[in-house]
Amino acid sequence: MNHLSLRELCCLFCCPPCPSRITSKLAFLPPEPTYTLMCDESGSCWTLHLSERADWQYSAREKDAIECFMTRTSRGNRIACMFVRCSPNARYTLLFSHGNAVDLGQMSSFYIGLGSRINCNVFSYDYSGYGASSGKPSENNLYADVDAAWHALRTSEPETI
């Protein structure tokens, strides 16, 4: 849950209102990360490590279908991306923007099940300040995150960091 300090509460309700700051505090609730991404020595291969809180429901074989990487947004944040190959015959890839208060680790089992049921691959990303992504959650960062994820999905070789 998003824990606010006494100072942040005072700024939120007592200081002259800053609509964007108030919106960010109330609208974005990043959870404690449920996964980590570890990079190999070459810097090109990322390995997904899920915590127990991610609630993984499948075997290691399904986890091998998940490719993770980092990409940079136009605002300078690094966001975590996840490409899930659910079906070898998939003709489509779904760009999935997950809901608030979850991260890629918590959603990974859902993506496997969804893609398998509708015979498509799933591409998703974490917003700035969520999971392994850097930066702070905000409306402007959200727009940059979506744009960077779309660009990473559309390019055959994502700009990895």
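For clarity, every value in this text was computed on a predicted model and none was experimentally measured.
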Out of curiosity, R75 CZ to K136 NZ, how far, rounded to the nearest 0.5 Å? 13.0 Å
Side-chain donor or acceptor of Y35 paired with backbone N/O of A132 under 3.5 Å: yes
Would you say W150 ends up clustered with M70 if hydrophobic residues are merged whenever their side chains have heavy atoms under 4.5 Å apart, either directly or through other cluster members? yes
Could you tell me the separation between the NE2 atom of H151 and the CG atom of L153, rounded to the nearest 0.5 Å? 11.0 Å
So which heavy atom on G131 is nearest to which on P33, and how close? O-CG, 3.7 Å
Determine all donor-acceptor pairs shorter than 3.5 Å in which one atom belongs to a side chain in residues 56-66; sequence neighbours excluded.
unit_1	atom_1	unit_2	atom_2	d
W56	NE1	Y58	O	2.6
W56	NE1	S59	O	3.4
S59	OG	R61	N	3.3
S59	OG	E62	OE1	2.4
E62	OE1	S59	N	3.1
K63	NZ	L48	O	3.4

Which residues satisfy the side chain to side chain contact (heavy atoms under 4.5 Å, CB included) test with S97, sequence neighbours excluded? Y125, Y127
Do D40 and T47 touch side chain to side chain, with heavy atoms closer than 4.5 Å? no
Nearest 0.5 Å, please: how far is CG in D55 from OG in S108? 9.0 Å
N100 CG to L29 CG distance, which is reported to the nearest 0.5 Å: 4.5 Å
How about S128 and I79: do any of their side-chain heavy atoms sit closer than 4.5 Å? yes
Check for me, please, whether W46 and M38 land in the same ILVMFWY cluster - side-chain distances under 4.5 Å, paths through other members count. no
Sequence neighbours left out, cut at 3.5 Å: what donor-acceptor pairs do the side chains of residues 86-94 make with other protein atoms?
unit_1	atom_1	unit_2	atom_2	d
S87	OG	N89	N	3.4
S87	OG	N119	OD1	2.4

Counting distance only, does the side-chain N/O of D126 pair as donor-acceptor with the main-chain N or O of L104 below 3.5 Å? yes
What is the minimum heavy-atom distance between A101 and Q106, and which atoms define it? O-OE1, 3.9 Å
To the closest 0.5 Å, what do you measure between CG (D103) and OG1 (T34)? 3.5 Å
Looking at every non-hydrogen atom in both residues, tell me the closest pair between P137 and F28 and how far apart they are. CB-CB, 3.4 Å
Find the distance between OH (Y111) and NE2 (H98) and round it off to the nearest 0.5 Å. 5.5 Å
Same cluster or not: are L95 and M107 linked, directly or through other Ile, Leu, Val, Met, Phe, Trp or Tyr residues, by side-chain heavy atoms under 4.5 angstrom apart? yes
